[in-house]
There are 2 protein chains.
Amino acid sequence: MTETTDAPAAPAADKPVQVEENGTADTTPGQEEPQDKSPDKEKEEPPKEMRAIVLTGFGGLKSVKVLKKPEPTLGEGEVLIRVKACGLNFQDLMVRQGAIDSPPKTPFILGFECAGEIEQVGEGVENFKVGDKVVALPEYKAWAELVAVPAKYVYALPDNMTPLEAVAITMNYLVAYILVFDMANIAPGKSLLLHSAGGGVGQAVAQLCKSVKDVTVFGVCSKTKHEQLKENGNIDHLLERGCDYTNEVRKVSSDGVDIVLDCLCGEECNRGYSLLKPMGKYILYGSSNVVTGETKSFFSAARSWWQVDKVSPIKLFDENKTLSGLNLRHLLFQHGGAEYVRGAMNKVLDLWQNGVVKPLVDSTWALEDVPEAMQKMHDRKNIGKIVLDPSMEPKPKPATPAKGKAGKDKKQNSEEKKETKEEKDKEDKEKSDKEKSAEKPQENGEKEEKEEHVANGTDEGSQ
Amino acid sequence: MTETTDAPAAPAADKPVQVEENGTADTTPGQEEPQDKSPDKEKEEPPKEMRAIVLTGFGGLKSVKVLKKPEPTLGEGEVLIRVKACGLNFQDLMVRQGAIDSPPKTPFILGFECAGEIEQVGEGVENFKVGDKVVALPEYKAWAELVAVPAKYVYALPDNMTPLEAVAITMNYLVAYILVFDMANIAPGKSLLLHSAGGGVGQAVAQLCKSVKDVTVFGVCSKTKHEQLKENGNIDHLLERGCDYTNEVRKVSSDGVDIVLDCLCGEECNRGYSLLKPMGKYILYGSSNVVTGETKSFFSAARSWWQVDKVSPIKLFDENKTLSGLNLRHLLFQHGGAEYVRGAMNKVLDLWQNGVVKPLVDSTWALEDVPEAMQKMHDRKNIGKIVLDPSMEPKPKPATPAKGKAGKDKKQNSEEKKETKEEKDKEDKEKSDKEKSAEKPQENGEKEEKEEHVANGTDEGSQ
């Protein structure tokens, strides 16, 4: 069972339901409300069903499937949302790998971000009514046609904001707002070094920084993104991922920077602390679970000073420096920070109304195409938000994809790449898939093998 | 020699000058310009002289003497200030004890804060002219009738600000401003725990906090100060020094506070970190030099977690917390933070113009009475700023103070107390004083003996 007392959204999750494999003929185009299909199952009164993206076991892309699941029932203090758009975040990739602290047991519905319309309001909920357009940050289960979410994680949308805009904004700009305006406390004239500058949070941070006078943003990201990021114009100095960025920063600003945002993205960041000016702030953020010691091989390459070193508080005093951490998931679901986050969300929505926040959408995908969307984020190819749209038709799949293509042409387009990857995965994993226990995280060789093709994807395009 | 290349203010400091012991007949009332006295010394052309508070050796109050010293000569980039008021800060007490990193060799002129009028402008100084009213934060040498200060540590005063107001504001409100508005980044609805709530910085912090809506201030200080602090009205919840303050805070706010300001004032503070809410900020500030390992016995009682513990950055990430340090002296004189500090000073002056900053002066003293003023700070009896005024007449001293009083009556008034203390010191120290090397810090038993009567003075009334 994946349920917790806090989120009783799918009470019948382990009942047998009709399984629709990603991309199979069952998921026909135009089929938007599968739970309305005439029931042809064993049970006399089957629960109403919905499509949802389910993680069947921790590991690679094959563990992510669009399945039919019972519609969630509404608990006290919750609202039921008919989902129109879902946000893909880096932590979803980490959850898939099991590389996150306290993951639920598989199978469970993935996703932390969705937007849509309220269809039902639970007891004790006073701030919302049926028909309200909202965005929500549930603890899992966001990637489904219907989601039951505690109202404290739900935010009303301005009239003129679409669900797509809402998911493009919420998680990324919440994190960015808290980083830039609360923790870094940006002020005119300050300078900031940003890793993963091309990702969703990175772009949001750069945009917010540029709303403050004379702020200088240094952004580290893959060379392949530089051209488009130059067009976006929010990053003053683009640095190439893998370069000696401390040296490059000092060429421009010999005394370093005021703020370093470290998305826990690898040993490269080690050098960032030394770049801090006096009164400088070093801020860790992201989705890492290295704190729990459960780091998987996928992430172990990213061991960094913040994992092994400790800092003497008196050294911070001596050096006039600040060290901070932001883990939004912990803040919302473990630390009771919902009211704090709501305050930040209100500010973000204000900034959107004022035209400061302009969400950047990389691409929109059908639920069935989530593996390809995940792969794009892994490959650090997205600039801005990756969105899932439950009403969207999946890309057509060839009935018999040509074999033998895999790995031959690195410049093949992403769809071809996915197909051949899936082919390869299928061949490689057929046996091990059968051995998978749907109730138990995969933490061994099987997963590490999977990680091969997504390695080095921890850096950017991530947040 | 106390001179550094940075502050060539008293080139003849080790030449023999006429010594005027604190309170001796030589310091006659009304004698404001001692360097104008007819020279009756060995040299034909003695340098012009001024009165200054000199530390003759690290240790107790007897090492602090008003002496005649050569007037400083002006270096490039400096201004010469005719001093009208000096600020006493806790770090002056630490310097006197030698409990500070990298102190100059004795003898040297004490003091980090003074205000007055510019009498001369050095080469390369563009922002100031003769006659400007200014306040300055020199690295030592502020407690004299004339001070030469690098212009980067000098701030022009508004027309309507007196020198006394200037020294009552500058150091305390600079520190408070940086703590409250940059590091803590206070916002409406936040809560803050403040140690040493009765001291100069403490009162400034409370005042600044109260300029922000719905901020709750918890202040820890001696019970004796509670009545007056209640009248001042800036502290919402007064807690008694020595009480179980974490428990008291939780009675009012069960989930703790958003900000803890720890003035490095003792093991009591240990418990503060556990009071932090998620997204909470723990800020170390003050004048401690524990970082250098040169902590003297006077301060060793105050060993605390920030001296012995280290914090894993990933723990801050996991817990959504921030750890910061502010050491204004390092910021100004070691870290090149003059421009940053000037920015903060401009904000402080704006707040004063707008009536938000209302400096609180505890008392004003003649240079000759500085030992008594220092004792008051040590005893945590001041509420607000202790100011020295070079034009003020010293308190009259009885020619032959009655012996045998010392230690008899703890409720004797502070002036009597000082006299008897001095008497006692004189008896106790006569021999060891003679052994003192004026060039060498006292780090041994002689000093620890002195510390007896100022022990436990590290907590409040301090900043």
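Every chain is numbered from 1 and lettered A, B, ... according to where its sequence line falls, protein lines coming before strand lines.
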Identify the heavy atoms of [X] and [Y] that sit nearest to each other, and give their distance.
X	Y	result
B:Leu284	A:Phe317	O-CD1, 3.8 Å
A:Pro278	B:Leu331	CB-CD1, 3.7 Å
A:Asn185	B:Phe181	ND2-O, 2.8 Å

Q.
Is it true that, when you exclude B:Lys210 itself, more than 12 heavy atoms of the residues, nucleotides or ligands shown sit nearer than 6.0 Å to its NZ?
A. yes

Q. Around atom CG of B:Asn127, are there more than 12 heavy atoms of other residues, nucleotides or ligands at under 6.0 Å?
A. no

Q: Heavy-atom pairs under 4.5 Å with chain A are the metric here; pick the option from B:Ala187, B:Ser324, B:Gly189 that has the most.
A: B:Ser324

Q. Can you check whether A:Thr322 reaches B:Leu323 side chain to side chain, under 4.5 Å on heavy atoms?
A. no

Q: For the residue pair B:Ile178 and A:Met279, establish whether any side-chain heavy-atom pair is separated by less than 4.5 Å.
A: yes

Q. Hey, which of A:Lys281, A:Gln334, A:Lys277 has the most heavy atom pairs under 4.5 Å with chain B?
A. A:Lys281

Q. Atom CG in B:Asn327, atom CD1 in A:Ile314: separation rounded to 0.5 Å?
A. 9.0 Å

Can you list, pair by pair, the side-chain donor-acceptor contacts under 3.5 Å of residues 335-346 of chain A, counting residues two or more places apart and other chains?
residue: A:His335; atom: ND1; partner: B:Asn320; partner atom: ND2; Å: 3.1
residue: A:Tyr340; atom: OH; partner: A:Asp182; partner atom: OD2; Å: 2.4
residue: A:Arg342; atom: NH1; partner: A:Val154; partner atom: O; Å: 3.0
residue: A:Arg342; atom: NH2; partner: A:Ala151; partner atom: O; Å: 3.2
residue: A:Arg342; atom: NH2; partner: A:Lys152; partner atom: O; Å: 3.1
residue: A:Arg342; atom: NH2; partner: A:Val154; partner atom: O; Å: 3.0
residue: A:Asn346; atom: ND2; partner: A:Arg342; partner atom: O; Å: 3.4

Q) What residues form a side chain to side chain contact (heavy atoms under 4.5 Å, CB included) with A:Lys321, not counting sequence neighbours? A) A:Tyr273, A:Leu276, A:Leu316, A:Glu319

